[in-house]
Protein chains: 2
Amino acid sequence: MATTAYDRDVADTGSRPEQGGRRVSSEATPPPASRKATIRTVAAAAGVSTATVSRVMSGVSTVSPALAQRVREVAEQLSYRPSEAARGLALGGLRNIGVLMPDLGNAYFHDVVKGMHRAAADTGFRLLIADHAGDPANEFATAWDLMGHVDGLALLSSRLDLPRLRDLARQTVPVVLVNRVEPGVDLPMVGVDSFTATLEICAHLAGLGHRRVVYVSGSELAWQDRERWRAVRTSGRVLGIDAARVEAEGTLETGYAAVDAALAHEPTALVCFNDLAAIGVISRLRELGLDVPGDISVTGFDDIAIGSHVSPTLTTASSPRDALGRQAWQLLQEALEKANPSETTTLLTATLITRESSGPAR
Amino acid sequence: MATTAYDRDVADTGSRPEQGGRRVSSEATPPPASRKATIRTVAAAAGVSTATVSRVMSGVSTVSPALAQRVREVAEQLSYRPSEAARGLALGGLRNIGVLMPDLGNAYFHDVVKGMHRAAADTGFRLLIADHAGDPANEFATAWDLMGHVDGLALLSSRLDLPRLRDLARQTVPVVLVNRVEPGVDLPMVGVDSFTATLEICAHLAGLGHRRVVYVSGSELAWQDRERWRAVRTSGRVLGIDAARVEAEGTLETGYAAVDAALAHEPTALVCFNDLAAIGVISRLRELGLDVPGDISVTGFDDIAIGSHVSPTLTTASSPRDALGRQAWQLLQEALEKANPSETTTLLTATLITRESSGPAR
DNA sequence: GTGAAAGCGCTAACAT
DNA sequence: ATGTTAGCGCTTTCAC
């Protein structure tokens, strides 16, 4: 959701023909053309200096109420809007923070972003949201491009490999990793302990008599996927579960498509990477005439809202999305304040939520 | 997803103590501190002028390959990233376009945005995405704030009232209305003809013997809601359907919550504002022990992906989301090129999709 | 092919 | 309380 190409064929907002080499006293320039109001236009029209206009616009220091009022009126009248580009240049920062995620269509990310947004808004920061469809090359390009526009960058569920990650870490704009914990990288990060939560899911399943499960994976580039798959395999050893893995990408469509391969293992339960995949899986199972959980159990992960509105409702693990978002902002905030990016790592806990989609093994 | 507050307490990227009043020849400033590489740092380090660095970075005009290579290396080595703020200032535009929508969590919008993105990316534009939770005040504030950062603005399913809309139209940055057609406003706009599509839904229902339907609404501030409700009422006259309306907001939760009130009208069918609401509705009906479509039929609108993965699958109207997005970009593009914002209005067609959630009236 | 220098619109000392 | 002015980092004529 962002691009880097710099064609130049559009929108050069009119040519600006030679407009005098020297600056002229404010009053000398009457408000002529109707082009675009700048701080100078307003200053001239209001008969004050640009400094005063600037002060009024940012509500700073003491400007006499009467004057301020007049300036405000003129500004309003001229539809004057301070250029953020100029502001950013002068201030040395746009007060934007970039948020990059694999899939804008996944409600999970949306919830995390909401958490960040609330926290960021309180401090006067804007969020620039972009997605990269799970493609690392695209992710890197987008991150790189975004860096020019933002004061900080949050990578949600990044699919970047270590060299690329380190490359970004080396840049001057602070970066935080959300939903990924990568010991080898010098970056603040927050994640959810999905290993433990997935183990709980497996234990729950084992308790219901399941001995043969298949894991319907997420993107193999996702840290969460590695953690969850590791947990499923571990459950094999610890709980005596026979575990297989089939590939998917954590979306409705890939979940749906993975079912046939999964069924080849004759499992009694399907542990899915996330809720979206689980819903896709269930949809396909229904199509095949299989009842969930009668014939086979299915579990998700994330606890997105729709999980409790589908039939059967989803057994899943609830990630603390809001907390994740806030924590992410917290880290960014710290990185912004002190140039010293302390390598902080936080791991939040997800909790098992048992609903209808899991039942006794057949 | 954007804010306007301008606190000043963070990130002023270090103070810049008196650094000489006059500009000094490039070579006079050795690459000292490790602060942040600027074009001058790079120029000095590479022993060339800033003009050359600029040319190399934007791949413009002819710079001797050897020199270009050297500059690129130095830049790379210094982790130099041109500041977009400075660039934007000099160029008179950031090549950003803002996209504002009510609900980031609705897959429908996501699909529209994808369409826009693809189109915009080809022209070297970035998309800044923000949501406003359906609150007009928030929408206006966000739009206003965003205007400083973008070269164009797309308002998806805007909830703004006419005065506010006109206020935005009066500004210098081009604005297009997507998913809303408002005759009184001088703005380019694209919408989907949901009136006709909803009529088709009603006709479909009437054909199945339904005579008593209730419309589970969207936000009453949404143009689409007005159109759909108008269609439902019209169907009352034309098709002999007895129609009532209950309030919701086009989300899972509000759909779910609206069911009890809807049932008070003893309908045989529920026509929902969109798919999300329909899924919420069905979930509540199931909870009440009602079968869909056995006991009652339910229809949605939008044809989001999940609609064909839930049980029962949703009867709905398919909006041409991708086309919407592309058309939106098209309009923006035109507005960007010629200062003359021709008031263009396009209406796209939605088509009925019959699935499991609608059946014969009981 | 490359450099010098004039801004882009705004903010922040530093006067007054 | 208000005006002057020197930049912020980059692009872009205009010379050479």
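Note that the coordinates shown come from a computational prediction; the quantities given were computed from them, not determined experimentally. All heavy atoms count here, side chains included; hydrogens, waters and symmetry mates do not. Chain letters run A, B, ... following the sequence lines, proteins first and then strands; every chain starts at 1.
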Atom [atom1] of [X] to atom [atom2] of [N]: distance rounded to whole Å?
{"X": "B/R55", "N": "C/dG1", "atom1": "CZ", "atom2": "P", "result": "10 Å"}
{"X": "B/L89", "N": "C/dA6", "atom1": "CG", "atom2": "C1'", "result": "14 Å"}
{"X": "B/L91", "N": "C/dG9", "atom1": "CG", "atom2": "P", "result": "12 Å"}
{"X": "B/H149", "N": "C/dG9", "atom1": "NE2", "atom2": "C1'", "result": "14 Å"}
{"X": "B/M57", "N": "D/dT11", "atom1": "CE", "atom2": "P", "result": "9 Å"}
{"X": "B/L94", "N": "D/dT11", "atom1": "CG", "atom2": "C1'", "result": "14 Å"}
{"X": "A/R87", "N": "D/dC10", "atom1": "CZ", "atom2": "P", "result": "20 Å"}
{"X": "A/R40", "N": "D/dG3", "atom1": "CZ", "atom2": "C1'", "result": "15 Å"}

Give a yes/no answer on whether the side chain of [X] brings an N or O atom under 4.0 Å of OP1 or OP2 in [N].
{"X": "A/S64", "N": "D/dT2", "answer": "yes"}
{"X": "B/S54", "N": "D/dT11", "answer": "yes"}
{"X": "B/S83", "N": "D/dG9", "answer": "no"}
{"X": "A/T38", "N": "C/dC8", "answer": "no"}

Nearest listed nucleotide, side chain of A/A90, among C/dG9, D/dG3, D/dT12 =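 Given the options C/dG9, D/dG3, D/dT12, the side chain of A/A90 is closest to C/dG9.
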inquiry  = Using only modelled atom types and a 3.5 angstrom limit, is any donor from either the side chain of A/R81 or the base of C/dG9 paired with an acceptor on the other?
reply    =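 No, the side chain and the base share no sub-3.5 Å donor-acceptor pair.
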request  = Could you please spell out the steps behind the side-chain contact (heavy atoms from CB on, under 4.5 Å) verdict for B/L162 and B/V185?
outcome  = CA-CA 7 Å; B/L162 264 39; B/V185 183; 4.2 Å; yes
ask   = Residues in salt bridge (Lys or Arg N to Asp or Glu O under 4.0 Å) with A/D135, at least two apart?
value =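 Salt bridge (Lys or Arg N to Asp or Glu O under 4.0 Å) check on A/D135 returns nothing, list empty.
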key: Non-hydrogen atoms of B/A46 and B/V74 that approach each other most closely   =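 Closest heavy-atom pair between B/A46 and B/V74: CB-CG2, 3.9 Å.
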ask   = What are the two closest non-hydrogen atoms of B/S158 and B/R180, and how far apart are they?
value =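 Shortest heavy-atom contact: O-NH1, 2.8 Å.
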ask   = Side chains of A/Q171 and A/W144: closer than 4.5 Å at any heavy-atom pair?
value =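 Heavy-atom side-chain distance check passes, below 4.5 Å.
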message = Let me spell it out: for each of B/A86 and B/T52, pick the nucleotide of DNA chain C with the closest heavy atom. Which residue's pick is nearer the 5' end?
response =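 It is B/T52, whose closest nucleotide lies nearer the 5' terminus.
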